[in-house]
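Just so it is clear, the values below take in all heavy atoms, side chains as well, and ignore hydrogens, waters and symmetry mates.
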Amino acid sequence: MKFVLTFLLLVFVNSFCNAQCSPELKKYAASFDSLKANSFTFLDSQLTDVRIVGYGEDTHGTSEFTVLAKELMEYLSDKHGFKIFILETGFGEGVYLDDYIQGVRDDLKIILDEHNSTWRYKTEEFYQLMNWLRAYNQNNSEKIHLYGCEMQYVISDVNRIQDYLKTVDSDYKIEGFEKHLWQPIEESEKSDYYLSYIKLKKYFIDNFETFKSKTSEESFNLAYHHIEVLGQFVTAINQNAEQRKHDFRDIYMGENIQWILDFQGQQSKAFYWAHNAHVGDWVDNGIVDVAGHQLRKIYGESYFNIATDFGFGEFLAFSSDWKMEPFSYDQIVENTFTECLKSFGNPNAFLNIREARKDKSLHELLNMPLTTMSGAGAQVRTSQTETQEIGKAFDAIIYLDRTTKISWAK
């Protein structure tokens, strides 16, 4: 009896592994060799009615995923009129970065040192991305605007509000908000932050007409959204369970992206770059919708999201004890969806999952959990693979065969 059960288990495991791929998928795949804007013509037919392209990176500490973000943005801006670039960074921090690409400021290093809380942007690859965006804006009449969608650390929002208050001749002083979401915050500090936010919000509402007349309604609305981000932060820090903080983080990412598109106008199109976990159309971050699922509910098929996966290479991430270290994979685990993607690439591959889902012969495969090589957010995963419903959560996936770790800026 024990032998029979073991045999049946092996049959099941083997069947599950083999089910990770189908030769029919190749009809919906495209192979490409270089990370260049002109390589992405396979997307042309998919973007006619798309307003947001979500780009998920499998690891934060991989050079090629930042390079890919730059090349995708170049392709989308030139071929499809996308002029909004949204990063997984603080809303206020994003406005400082936008100052740089608009030519308002020249000191990118100071901006990243003093107004940025995201480690992976202090890299050579990100500098190259920012300098390309700046050059693009210098050479084109229709500018690209950069935003952040986060609310984990809001001191930059405070600084931007204070700058706005100076332009309307106000000496109002904002108190608090020095800490970030994941620091210990005393109950008395939480109360102080809440009262500071409420008083500031009332002050702006009471002075709407005066402030608008001294600047513009657009400038007022931008400053007021910084205040709303402070309110998001206040709500998140008052959650007793850490998981609820993660939940609210994603909720507010989605809300901020919607605000950005509304602020930029009905014809605006955005490229949203974050980790796969935030871009996917799934309930994956606790018990609430992640940002990608919110965007799907709001924008429907006008949201086209792309996951990434990789086969071999090195990346930077925090270890289990929060030390920044390089990690690497030197082989693909057999019978995984990653191995399937590799078979379509020469050396890289694009798989159009949205179109493949329409194929009845692939319905079962794309609705089952698929196993890929495990990447990393800030912290490395505990397993070399992870199994998720990628076929349900994404419209496409890009597989990069070989990757390298990001390089710290000098």
Any Lys/Arg nitrogen of R160 or D99 sitting under 4.0 Å from an Asp/Glu carboxylate oxygen of the other?
yes
Below 4.0 angstrom, N of the basic side chain to O of the carboxylate: do D401 and K342 qualify?
yes
Backbone N or O of G94 within a donor-acceptor pair of the D98 side chain at under 3.5 Å?
no
Looking just at side-chain N and O atoms, do Q232 and N256 make a donor-acceptor pair shorter than 3.5 Å?
yes
Taking K190 first and then E186, would you say they form a salt bridge - that is, a charged N and a carboxylate O separated by under 4.0 Å?
no
Should we say atom CD of E364 is surrounded by more than 12 heavy atoms from elsewhere, each under 6.0 Å from it?
no
Can you find a heavy atom in the side chain of F204 that is under 4.5 Å from one in the side chain of F220?
yes
Would you call E57 and R120 a salt bridge, taking side-chain N to carboxylate O under 4.0 Å as the test?
yes
Using the rule given for side-chain hydrogen bond (donor to acceptor under 3.5 Å, both in side chains), can you reason through E124 versus W408, listing the C-alpha separation, both sets of side-chain angles and the distance that settles it, and then say yes or no?
CA-CA 6 Å; E124 291 182 8; W408 297 116; over 6 Å; no
Do the side chains of D395 and R357 get close enough for a salt bridge, i.e. N-O under 4.0 angstrom?
yes
Criterion side-chain hydrogen bond (donor to acceptor under 3.5 Å, both in side chains) on S320 and Q379, from CA distance to verdict:
CA-CA 7 Å; S320 58; Q379 198 171 31; 5.8 Å; no
For Y299 and Q258, test the side chains for any donor-to-acceptor distance below 3.5 angstrom and give the result as yes or no.
no
Any donor and acceptor pair, going by atom type alone, linking the side chain of N305 with main-chain N or O of A396 inside 3.5 Å?
no
When you check the side-chain N and O atoms of D157 and H225, is any donor under 3.5 Å from an acceptor?
no
What's the verdict on side-chain hydrogen bond (donor to acceptor under 3.5 Å, both in side chains) for Y136 and N131, showing C-alpha distance, side-chain angles and the deciding distance?
CA-CA 8 Å; Y136 181 95; N131 287 328; over 6 Å; no
T89 and T118 side chains, donor-acceptor separation under 3.5 Å:
yes
Counting only N and O atoms by type, is there a donor-acceptor contact under 3.5 Å from the side chain of E114 to the main-chain atoms of I111?
no
Donor + acceptor pair across side chains of S117, E93 (<3.5 Å):
yes
Ring-ring centroid check F85 Y147, cutoff 6.0 Å:
no
Specify whether F40 and F42 have parallel, tilted or perpendicular ring planes, treating 30° as the upper limit for parallel and 60° as the lower limit for perpendicular.
perpendicular
Is there a donor-acceptor pair closer than 3.5 Å between any side-chain N or O of S39 and the backbone N or O of L35?
no
Is it true that K27 and D359 make a salt bridge, defined as a side-chain N closer than 4.0 Å to a carboxylate O?
yes
Cut-off 3.5 Å, side chains only: do Y75 and D44 have a donor facing an acceptor?
yes
For the rings on Y100 and Y96, is their centre-to-centre separation under 6.0 Å?
no
Go through T404 and E314 one step at a time and tell me if the side chain to side chain contact (heavy atoms under 4.5 Å, CB included) criterion holds.
CA-CA 5 Å; T404 55; E314 196 172 25; 5.7 Å; no
Using a distance-only test with no angle check, is there a side-chain donor-acceptor pair under 3.5 angstrom linking N348 and R402?
no
Give a yes or no answer on whether the side chain of S374 reaches the backbone of S383 with a donor-acceptor pair at less than 3.5 Å.
yes
Report the C-alpha distance between S191 and S188 in whole Å, list the side-chain angles of each, state the deciding distance to 0.1 Å, and finish with yes or no for side-chain hydrogen bond (donor to acceptor under 3.5 Å, both in side chains).
CA-CA 5 Å; S191 297; S188 60; over 6 Å; no
Polar side-chain atom of Y55 near backbone of F65 as donor-acceptor pair, under 3.5 Å:
yes
Looking at I144, is its backbone amide N or carbonyl O close enough to the side chain of Q102 to form a donor-acceptor pair, meaning the two atoms are under 3.5 Å apart?
yes
Kindly state whether the ring of W259 and the ring of F91 have centres lying under 6.0 angstrom apart.
yes
Does atom OH (Y127) have a neighbourhood of more than 12 heavy atoms from anything else shown, all under 6.0 Å?
yes
Side chain of H275, backbone of A376: donor and acceptor closer than 3.5 Å?
yes
Are the side chain of H180 and the backbone of W182 linked by a donor-acceptor contact shorter than 3.5 Å?
yes
Keeping E389 on the side-chain end and W282 on the backbone end, is there a donor-acceptor pair under 3.5 Å?
no
side-chain hydrogen bond (donor to acceptor under 3.5 Å, both in side chains) partner of D247, chosen from Q243, K245, R249
Q243
Is the closest side-chain donor-acceptor distance between D49 and S302 under 3.5 Å?
no
